[in-house]
Amino acid sequence: MRLQIKNGVVFDPLNGISGEVMDIFIEDGKIVEECKAERIIDASGKLVFPGGIDIHAHVAGPKVTSGRILRPEDHRIGVEKRWNGIHSGTGFSIPSTRVTGYRYARMGYTTVIEAAMPPLEAKHTHEEMVSIPIIDNAALTLFGNNWNVMELVRNEDYDSLSSFIAWMLRTTKGFGVKLVNPGGVENWGWGKDVDSIHSKVLHFDVTPAEIIRSLAIVNDRLKLPHSIHIHFNNLGHPGNYETTLESMKLVEDLKGERQSMHATHLQFHSYGGEKWKDMCSKSEEIAKYINKHEHITADMGQVIFGDTTTMTSDGPMEFSLYKLSGRKWSNHDVEIETGAGIIPVFYSSKNAVNSIQWAIGLELGLLIEDPWKIFVSTDHPNGGSFLFYPYIISWLMSEKRRKRTISRIHQAVNSRAILGSIDKERDFNDICIMTRSGPARALGLHKYGKGHLGVGADADIAIYDIDPKDVDPSEESNKILKAFRLTHCTIKGGEIVSRGGEILSSVDGKTIWCNPYLRNDEFEKIRKRIERKFYLNYTVSLSNYPVFDAYVPNPMEIRIEVS
Amino acid sequence: MTLHTDVVCPFCGCLCDDIAVEVENNEIIEVKNACELGYSKIVNHLERYRSPMIRENGKLKEVSYDDAIEKIAEILSSSKRVLYYGWSNTTCEAQKIGIHLAELTGGVIDNTTSVCHGPSVLAIHNVGYPGTTLGQVKNRANLIIYWGCNPLAAHPRHLSRYTTYPRGFFRQKGYEQRYLVVIDVRETDTAKIANKFIKVRPNSDYAVINALRAILRGHEDVIPPEVGGVPKEELVKLVERMKSAEFGALFFGLGLTMSRGRYKNIENAIKLVEDLNRYTKFTLTPMRGHYNVTGFNLVCAWETGYPYGVDFSKGYPWYNPGETTAVDVLLRGDLDALFVMGSDPAANFPKEVLKKMSEIPVILIDPFPNVTSSFADVIVPSAINGVEAEGTAYRMDSVPIRLRKFIETDFLSDEEIMKRIYESVERRLKG
């Protein structure tokens, strides 16, 4: 369908447009200069953004469904009835796949990056991504604890490591290189962890620092659109900000066209103190470092008060959380590659640590000055559901709203965090960057039509029922909250998929994946190299290991010429 | 002659994927590496139906696929409450359409979990699931415990491929570096080859697990000289062995899920494994039976939020095992049709349930005749998954593996049959 969005107040930071009243034309799913529209959407007095991009969320795959099976109680809420051909579903922090797609679309999000795909179970991740309607998905393949990676890192064999990463991305139909507690999850195979980036991984004679740096080097050699995407060691431990700074320094010299490292759910990595008793915010130190350097992007990992489910490949961390909470605990080690842990969590506003955590996320969102470096996320569902993004936006835009929340939570937030002293407020342009254009650029997807509204871009558009000229976000934060919860309408690939919260059309989303193209003999060489070990160590044959084309019915393959 | 290697065996939850099959003129000449159970499934010397059939005046009459599918659609679209049951011997692709069909018609969907490892799932809801993929066990474990199961009979290659006999990266000497414990109520074949067999009095597993946990937590003094038929010193020794293992793996079967205590047994076993993780590395894995029973739990959980026993009559998924599970809905007599895919409920459901089954139309989709066939009013034979049709299945440890096709057939696949039924029902409900 040919569409015209008329007189919208348009923000398109990648093209330097900030609040201009203009028209946007859509034809064949793309944005065009002009066309004879069959349908006109009147967007006067409405905010027009590119479709939202969630750079880090756990929405599909083995650990998400482990979480669903662990928590039937989470599915007693968030119930949606089948209606007019639109599927039913359940769930709040770990919604079933169909409603996951609908909810993102209602909020104006059109692309979501699944943050952790274990290669051996990659088919599962893809099966679920295909079951999530409307939104485009991409999955980050887990590498940080892979035996082949550690062995090649130890040998400093970057050529083979490049081939291996390329082969694995192709084999798992993955989008990028993800590291989770590098080395620590391998040690969890023996019930242990690593305590610093310089401690050796048991039996592998390699350190987390070496794994991180080597993968960053190889990631750049392969010219992948996204940098390495890392969940640092020591997540959630008091005093871990030093590990975070050390890890970021490892790749300082590698900055090229884009960042050399994406630091995910940074809130969980910005803690001072030595124990939970004196745990405090170190967001200032972290922000200072990122403000001074150009090689890091990050997402917030904001904590939201209430019940949620934590799930990560960081098996040892989840077990230590389980020992604290004593509720229930699932774990899933994946041979040769990675692990996973899941526990339910209640972030309480009466709890000192939780209140400080809440503050740290927002501190990072405000103190990291350049919005192109810090993006909105809850590390869904770890900090809270993605449904709370509108709350985060309202806090970022209004000091008054933050103060009001601070007054209602544990007062440790005033002595061990600094949010109360920050008066900065983000504007609409910043929010547009932090929720779509910034993630697009950090992922390299802006080159493939995402995160902007220029001619040729994918027609993924969110129209919100709010006029930036008529509202004072600082004073009227409730209006902001309301506007960002449900779009006036969401357009995905040129189709109107949601209007005022009602799903109109359940189109299939695409699976975005990267194919760094090496010569056939390079692939053959790496395959030969791992073949025998594969046979000895895995419990699945090499020929049954790949994600076959049948699992990716709507691919958006990004082919990269490497050699 | 064509040799197919790395073929996936569509029999049990082991999903062995190293089978070699020789095929000539579309016939299987030889099957290598498979166990007896897998061999017989793959070579398929069982009787097959020749065509779809509809029962008329008590007699089954051969009809075309189109006629059978239209008949099924007619039954489903005119029924108020259908139970869609089975699904453990079919692909995830077919399961997914089945779930959507149940949603479309406001029916109930359940699988064999509810009469098998259902209690394990309930226990997971309550306390969690400290699991692992089997390769982790193969590469690391030096203590293997089988509790209430007899893998040599039910999962014949489980020990040789995954747990006890294979060489692993950190266990290059294979079984020499491992210690095998079997805990059961009788001396099974697996018990006979174990390093240690512990015989438990029937229905006292819960007490034995409790005693182990108490000893582990330092309360040895409160344990009587004997628990569930096991002398105290044996239990103390076992706890020592568990604590000092570098990597321990506990596998359990229906001896634990279906004996007295049921889900409480599993809950306790899970808590034992959680406790052990404070000392060393320990994992737990249910010995799932059918080759894709795990797959159904996963597909159902991601599509609906719940792993089995889902009722769509409210218009959204509702789960309440004991109310929305197969035997319960059948027994209450509130169904007006039963749809069975890839299972044989008549072979193992209680007698009173069979009586209810005989009172309503029964639709059966399966490659082979079975006990349920004699109840069926419409029978649709399908291709054998993993031999004549491909698709996804999940191993007992939730690793997905794609079943292969190496024999051509005129039988439709489960997926294709489900697709056609869904389309026809959707058309009828709209029209």
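Predicted model, so just to flag it, every value in this text is computed and none were measured. In what follows, every chain begins at residue 1, and chains take the letters A, B, ... in the order their sequences are listed.
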Atom of [X], atom of [Y] and distance for their closest heavy-atom approach:
X	Y	answer
B/G305	A/S96	N-CB, 3.8 Å
A/W190	B/K281	C-CB, 3.8 Å
A/T539	B/K138	CG2-CD, 4.0 Å
A/V130	B/K96	CG1-NZ, 4.5 Å
B/N297	A/I69	O-CD1, 4.1 Å
A/S541	B/D17	N-OD2, 2.7 Å

If you tally heavy-atom pairs under 4.5 Å against chain B, which of [options] wins?
options	answer
A/G189, A/G89, A/G91	A/G189
A/T97, A/V79, A/I132	A/T97
A/H124, A/R71, A/R68, A/E73	A/H124

Going from NE2 on B/H100 to OG on A/S131, what distance comes out if it is rounded to the nearest 0.5 angstrom?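 It is 6.0 Å, given to the nearest 0.5 Å.
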OG1-CD distance between B/T132 and A/E335, expressed to the nearest 0.5 angstrom: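 If I round to the nearest 0.5 Å, the distance is 7.5 Å.
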For [X], is it the side chain, the backbone, both or neither that has a heavy atom under 4.5 Å from a heavy atom of chain A?
X	answer
B/Y306	side chain
B/R395	side chain
B/F312	side chain
B/T5	neither
B/K430	neither

Cation-pi check, A/R76 to B/W318: give yes when NZ or CZ is under 6.0 Å from the six-membered ring centre and within 45° of the ring axis, no otherwise.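 Yes, a cation-pi geometry.
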Dump the intermediate steps for side-chain contact (heavy atoms from CB on, under 4.5 Å) on A/H332 and B/Q136, then the final yes or no. CA-CA 10 Å; A/H332 186 68; B/Q136 194 80 328; over 6 Å; no
Under 4.5 Å heavy-atom distance to chain B, tell me which part of [X] shows up: side chain, backbone, both or neither.
X	value
A/F92	neither
A/W188	both
A/L536	backbone
A/P72	both
A/Y551	side chain
A/V334	both

Please determine if A/E186 and B/R140 form a salt bridge, counting it only when a charged side-chain N lies under 4.0 Å from a carboxylate O.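 A salt bridge is present here (some side-chain N lies under 4.0 Å from a carboxylate O).
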Does any N or O in the side chain of [X] come within less than 3.5 Å of the main-chain N or O of [Y], such that one atom is a donor and the other an acceptor?
X	Y	value
A/S330	B/Y129	yes
B/N139	A/N537	yes
A/K123	B/I401	no

Less than 6.0 Å separating the ring centroids of A/H75 and B/Y319?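 For A/H75 and B/Y319, the ring centres are not under 6.0 Å apart.
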Test item: side-chain donor near acceptor, B/S398 and A/E121, under 3.5 Å: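 No.
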